[in-house]
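Please read these numbers as outputs of a predicted model, since none were measured by experiment. Along the sequence shown, the residues carry numbers beginning at 1. In each ligand, atom 1 is the first atom listed, and ligand 1 is the first ligand listed.
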Amino acid sequence: MSEKLLVIEDLAVYYFTRADVIKAVDGVSIEMNKGEVLGLVGESGCGKSTLGYAIIRLIPSPGRIVSGRILFHGENLVEKSEEEMRDLRGRRISMIFQDPMTSLNPVMKIKDHIVETLMVHGYEDEQKALDRARELVEMLGIEPSRLEDYPHQLSGGMRQRIAIALAIALNPDLVIADEPTTALDVIVQAQILELLKDLRKKYNLSFVFITHDLGVAAELVDNVAVMYCGKIVEYASTDRLFAEPLHPYTRGLLRSVPNVLMKKWDLSPIPGTLPNPADPPPGCRFHPRCPHATDRCRREEPKLMDVGGTKVACFLYR
Ligand code: SF4
């Protein structure tokens with residue numbers, strides 16, 4: 001039996017503003033095995049990035065985890081102190097951000113970023129840390145001489161490679177990648193995806209891969225969780241999800257992007273917009289945009305249920 005690396009149980013993350021309580025993640029349960037790449041997909045504002053940030057406990061203020069558990073190797077991260085989380089971040093769980101400049105200090109040389117990360121987490125010898133920095137950048141296809149550069153001297157693709165080097169420097173068990181290719185042009189995007197695939201194969205890395213791009217998800221992930229307005233509405237293996245999407249929202253997402261794998265669907269956008277997460281619609285949150293909505297959908301909230309190996313939250317399948 002595969003080892004469960006991450007088990008999330010009924011997690012809720014809300015942002016408390018003066019005017020509203022924004023329910024960014026609202027009752028999410030999901031699990032992943034060691035060595036797995038789990039994709040979180042959905043439109044901007046559906047809660048996927050908040051879920052990623054919750055796992056590493058980096059939710060920006062005024063957000064906080066209000067309920068639920070995040071079990072990482074069986075330890076509940078929600079109960080850990082900030083000091084314990086600081087020790088764990090980078091060493092056991094790390095993050096790749098959409099904009100690499102978020103994780104790079106513009107006035108520090110690249111070598112200092114990597115050496116500092118290594119020394120904060122246990123390297124005692126600076127020379128050994130520098131050797132590891134050289135090994136890492138070479139592995140990621142960058143000349144070691146570029147370690148002497150500052151972030152602004154590198155291209156966007158190189159900066160993202162350095163951000164990946166920082167994320168994997170300490171061989172973490174889990175890497176959370178938040179739209180790591182979105183800010184890059186398509187050629188560099190393809191190179192970074194190839195690089196992540198290679199790293200995964202070589203080091204049996206586990207990723208939570210957050211993306212709004214289903215084409216990118218199809219390239220890399222094993223299982224996909226589709227999020228809508230703070231909830232998971234469909235969860236399946238990547239092959240299954242692309243071959244036989246069940247939830248009307250997933251079908252809409254697939255119809256709204258050019259996709260060679262889905263020849264039988266015409267390209268057409270989902271009507272309407274995401275509802276306000278501070279005041280989500282009653283019943284099924286997708287009902288205002290769903291062509292199959294009934295009175296029951298407007299009243300009652302569908303729960304995730306198993307339909308032939310896919311988990312789906314929709315009354316069409318009851
Ligand atoms: Fe549409 Fe109803 Fe299914 Fe929601 S539960 S996706 S409104 S059919």
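Of all atoms in ligand 1, numbered sequentially from 1 with element shown, those under 4.0 Å from a heavy atom of H247 are 6 (S).
Salt bridge D295/R299: absent, no basic N to carboxylate O contact under 4.0 Å. Checked for salt-bridge contact, D222 and R200 meet the test: a charged N lies under 4.0 Å from a carboxylate O.
Of the N and O atoms on the side chains of E179 and H212, at least one donor lies less than 3.5 Å from an acceptor on the other residue. N33 and K4 are linked by a side-chain donor-acceptor pair at a separation below 3.5 angstrom, with hydrogens and angles left out of the test.
Here the CD atom belonging to E116 is positioned 15.5 Å from the OH atom belonging to Y123, to the nearest 0.5 angstrom.
Nearby protein atoms of type N, O or S around atom 2 (Fe) of ligand 1 amount to 1 (distance under 2.8 Å).
Considering every non-hydrogen atom in both E31 and E36, the closest pair reads O-OE2, 4.4 Å.
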